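What follows is a single structure, written as structure tokens, with notes after it.
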Amino acid sequence: MLKNKKPAVNVNYSRIWQTVQLIPYGKVACYGQVADLAGLPGKARLVGKALGKVPDDGWTGQSVPWHRVINSQGKISFAVESELFARQRALLEDEQVAVIGNRVKLTDFQWQPDLAELLFKLTY
DNA sequence: ATACTGACTTTCG
DNA sequence: ACGAAAGCCAGTA
């Protein structure tokens, strides 16, 4: 009997992508929060890895709003002089998320997930 | 197998 | 409030 091959896409990545798709327009979540919701507590760094590998055409027909994920300090986790930093900040401001002094006020913009809706939407 | 690397988080001073 | 340090852990070489 042949051994099973590793899946083409890490199953954990797809869970992370699916969770990020639930973050609403105009809200943000932090890496650790996404990891927890994806059932991967303690794996905040893995969320960053997964977001760097989102397929160009999104996931299961939907785009993945990677720009809505920032770190627990409310800051964008790219060097301020980098191209990606500028892109992420622009995408956030496009949806009315204020980025002041390289920082988003989490008390105003952090996503507060609705438990019942999460249970309905997540498929694992 | 081992070592290094981060799109992280928390604690400390 | 802020930077440094330490802890963290899958992915990568």
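Being a predicted model, the structure only gives us computed values, none of them experimental. FYI, side chains are in, hydrogens and waters are out, and symmetry mates aren't considered; it's all heavy atoms of this structure. Within every chain, numbering begins at 1; the chains are lettered A, B, ... in the order of the sequence lines, protein sequences first and strands thereafter.
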Identify, between A:Lys53 and A:Arg45, the residue whose nearest nucleotide on DNA chain C lies closer to the 5' end. A:Arg45
A:Gln18 and A:Thr123 have their tightest heavy-atom pair at NE2-N, 3.3 Å
Position toward the 5' end of DNA chain B (nearest nucleotide), A:Gln73 or A:Phe78: A:Phe78
For side chain to side chain contact (heavy atoms under 4.5 Å, CB included), just list the numbers for A:Val47 and A:Thr19, CA-CA rounded to whole Å, side-chain angles, deciding distance to a tenth of an Å, and then say yes or no. CA-CA 10 Å; A:Val47 173; A:Thr19 304; over 6 Å; no
Tell me what A:Leu46 touches on the nucleic acid: a base, only sugar-phosphate, or nothing, going by heavy atoms under 4.0 Å. sugar-phosphate
Closest approach to the side chain of A:Arg103, judged atom by atom: which nucleotide of B:dG6, C:dC2, B:dT10 is it? C:dC2
May I have the distance from A:Lys75 (atom NZ) to C:dA1 (atom P), rounded to whole angstrom? 12 Å
Send over the distance from A:Tyr31 OH to C:dC9 P, rounded to a whole Å. 19 Å
In terms of side-chain heavy atoms of A:Lys43, which of C:dA10, C:dG11, B:dT9 is nearest? C:dA10
How long is the line joining CG of A:Leu91 and P of B:dA7, in whole Å? 18 Å
Distance check needed: B:dC8 C1' versus A:Ile76 CD1, whole Å only. 15 Å
For A:Lys75 against A:Arg103, the heavy-atom pair lying closest together: CD-NH2, 3.5 Å
Check every atom of B:dT10, B:dG6, B:dA7 against the side chain of A:Lys49 and return the nucleotide holding the closest atom. B:dG6
Round to a whole Å and report the spacing from CG of A:Asn12 to C1' of C:dC9. 12 Å
Do you know the tightest heavy-atom contact between A:Lys53 and A:Trp17? O-CZ2, 3.2 Å
Please confirm whether the shortest side-chain N or O distance from A:Ser77 to OP1 or OP2 of B:dA7 is below 4.0 Å. no
Starting from P on B:dA7, measure out to CG on A:Leu40 and report it in whole angstrom. 18 Å
In whole angstrom, what separates A:Leu106's CG from B:dT9's P? 10 Å
Does any part of the side chain of A:Tyr31, heavy atoms only, come nearer than 4.5 Å to the side chain of A:Ser72, both counted from C-beta? no
Examine B:dA7: is either OP1 or OP2 under 4.0 Å from a nitrogen or oxygen in the side chain of A:Asn71? Give yes or no. no
From CG of A:Asn10 over to P of C:dT12, roughly how many Å is that when rounded to an integer? 9 Å
